Amino acid sequence: MPEPIIRAFGILKKCAAKVNIEYGLDPSVGKAIMQAAHEVAEGKLSDHFPLVVWQTGSGTQSNMNANEVIANRAAEILGHKHGEKFVHPNDHVNRSQSSNDTFPTVSMVYSLSVKLIGNAYCSCNGDKFKINPKIENFALDTPFKVVWKSVEFKDIVKIGRTHTQDATPLTLGQEFSGYTTQVKYGIDRVMCTQPHMYQVGNTYIK
């Protein structure tokens, strides 16, 4: 699985444990889960996530992978051995959750981490996990590069084409000015999705 997906599971499971403590989960178990989940979010336990992207649509395998890793690490934090189920992967770590909810939510966090522009944060219990956007440089540099091409090519005249037929002449610079606008509108559309994606709770249930 992509590294941001694994880390997003850590963010989600930590926040879920925090809420579950408020609704009756043993605080010592809940805090151990939060600590273990924080380690997942930091990438310290990524080697324990061997699954590939081909799995059921609800991401059940990855959700249970996260539950098992966090449960065993939380048990270790509490002085117990792996496999003892002192911290149960389903009853404790996955409490009040379903893959139908967790994986779509994690997917939203992942999308914020790799697709959006600007600084995005997911906060839980005062901790901020900074999500580093991957296309920030593209968004900042590309429009200017394309605009420069429209200036550079302003004196190059070409024949416009319409359904394979010659049409009104235009300059190559004019053509690139259209590309500039397309890039700008594309970036604007991505930016417009960002406020809605911050509402990261999601579900596959119809």
Side-chain angles (χ1 to χ4, degrees), residues 1-115 119-134 197-205:
M1 294 298 289
E3 179 81 8
I5 284 281
I6 297 170
R7 293 189 179 210
F9 262 113
I11 296 170
L12 172 66
K13 295 297 180 178
K14 180 177 181 179
C15 292
K18 178 177 182 292
V19 173
N20 282 329
I21 290 173
E22 298 175 4
Y23 285 88
L25 178 64
D26 185 321
S28 63
V29 172
K31 289 177 181 177
I33 291 172
M34 291 177 68
Q35 182 178 336
H38 187 88
E39 292 180 9
V40 172
E42 290 184 326
K44 295 179 178 179
L45 302 176
S46 296
D47 289 344
H48 297 278
F49 289 81
L51 298 179
V52 296
V53 295
W54 292 279
Q55 50 189 288
T56 61
S58 60
T60 302
Q61 293 98 313
S62 286
N63 184 44
M64 289 309 298
N65 192 168
N67 294 333
E68 293 282 354
V69 170
I70 292 170
N72 277 298
R73 177 62 184 131
E76 188 177 63
I77 290 169
L78 293 171
H80 294 264
K81 295 181 180 180
H82 291 181
E84 289 183 354
K85 297 291 191 281
F86 181 82
V87 179
H88 199 279
N90 194 50
D91 296 347
H92 295 145
V93 181
N94 201 51
R95 179 168 175 163
S96 301
Q97 300 161 58
S98 165
S99 299
N100 285 311
D101 305 317
T102 59
F103 199 79
T105 300
V106 162
S107 297
M108 297 290 275
V109 176
Y110 167 74
S111 296
L112 283 167
S113 72
V114 298
K115 294 181 180 178
N119 291 323
Y121 294 88
C122 285
S123 179
C124 176
N125 197 33
D127 296 324
K128 285 186 176 181
F129 301 88
K130 185 174 181 180
I131 301 172
N132 298 313
K134 303 297 184 182
M197 295 183 77
Y198 283 144
Q199 301 171 10
V200 293
N202 208 339
T203 184
Y204 283 142
I205 300 297

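Nothing fancy with the numbering, it's 1 onward along the sequence. Since we're looking at a predicted model, the values are computed, not measured. Only this structure's heavy atoms are used, side chains among them; waters, hydrogens and symmetry mates stay out.
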Taking only residues two or more places apart in sequence or in another chain, which ones pass side-chain contact (heavy atoms from CB on, under 4.5 Å) with [X]?
| X | answer |
| --- | --- |
| Pro2 | Pro4, Ile5, Val53, Tyr110 |
| Val52 | Trp54 |
| Ala8 | Val106, Val109 |

Exercise for review: Output all residues satisfying ring-ring contact (aromatic ring centres under 6.0 Å, His included) with Phe86, sequence neighbours left out; order by chain, then residue number.
Suggested key: His80
Point to revise | Steps toward side-chain contact (heavy atoms from CB on, under 4.5 Å) verdict (Asn65, Met1) | key: CA-CA 11 Å; Asn65 192 168; Met1 294 298 289; over 6 Å; no
Exercise for review: Using salt bridge (Lys or Arg N to Asp or Glu O under 4.0 Å) as the criterion, list what pairs up with Glu68, not counting sequence neighbours.
Suggested key: none
[X]: side chain to side chain donor-acceptor pair (under 3.5 Å) partners, not counting sequence neighbours:
| X | answer |
| --- | --- |
| Gln35 | none |
| Asp91 | none |
| Asn63 | Lys13, Asn94, Ser99, Thr102 |

Suppose the criterion is salt bridge (charged side-chain N to carboxylate O under 4.0 Å, His left out): which pairs have a residue in [range], not counting sequence neighbours?
| range | answer |
| --- | --- |
| residues 76-88 | Arg73-Glu76 |
| residues 26-37 | none |
| residues 44-55 | Glu42-Lys44 |

**Study point:** pair Asn72-His48: side-chain heavy atoms closer than 4.5 Å
**Key:** no
Point to revise | Evaluation steps, side-chain contact (heavy atoms from CB on, under 4.5 Å), between Leu25 and His92 | key: CA-CA 7 Å; Leu25 178 64; His92 295 145; 3.9 Å; yes
Going from [atom1] on [X] to [atom2] on [Y], what distance comes out if it is rounded to the nearest 0.5 angstrom?
| X | Y | atom1 | atom2 | result |
| --- | --- | --- | --- | --- |
| Ile33 | Ile77 | CD1 | CD1 | 9.5 Å |
| Ser62 | Asn67 | OG | CG | 10.5 Å |
| Arg95 | Asn90 | CZ | CG | 11.5 Å |
| Ser46 | Ile6 | OG | CD1 | 4.5 Å |

Exercise for review: Using the side-chain contact (heavy atoms from CB on, under 4.5 Å) rule, take Gln97 and Asn20 through it: C-alpha gap first, then chi angles, then the decisive distance, then the call.
Suggested key: CA-CA 10 Å; Gln97 300 161 58; Asn20 282 329; 4.1 Å; yes
**Study point:** Val40/Phe49 under side-chain contact (heavy atoms from CB on, under 4.5 Å): CA gap, chis, key distance, verdict
**Key:** CA-CA 10 Å; Val40 172; Phe49 289 81; 4.1 Å; yes
Considering non-hydrogen atoms only, spot the tightest contact between [X] and [Y] and give its length.
| X | Y | value |
| --- | --- | --- |
| Ala71 | His88 | CB-C, 4.1 Å |
| Leu78 | Val29 | CD1-CA, 4.3 Å |
| Ala74 | Ala36 | N-CB, 3.8 Å |

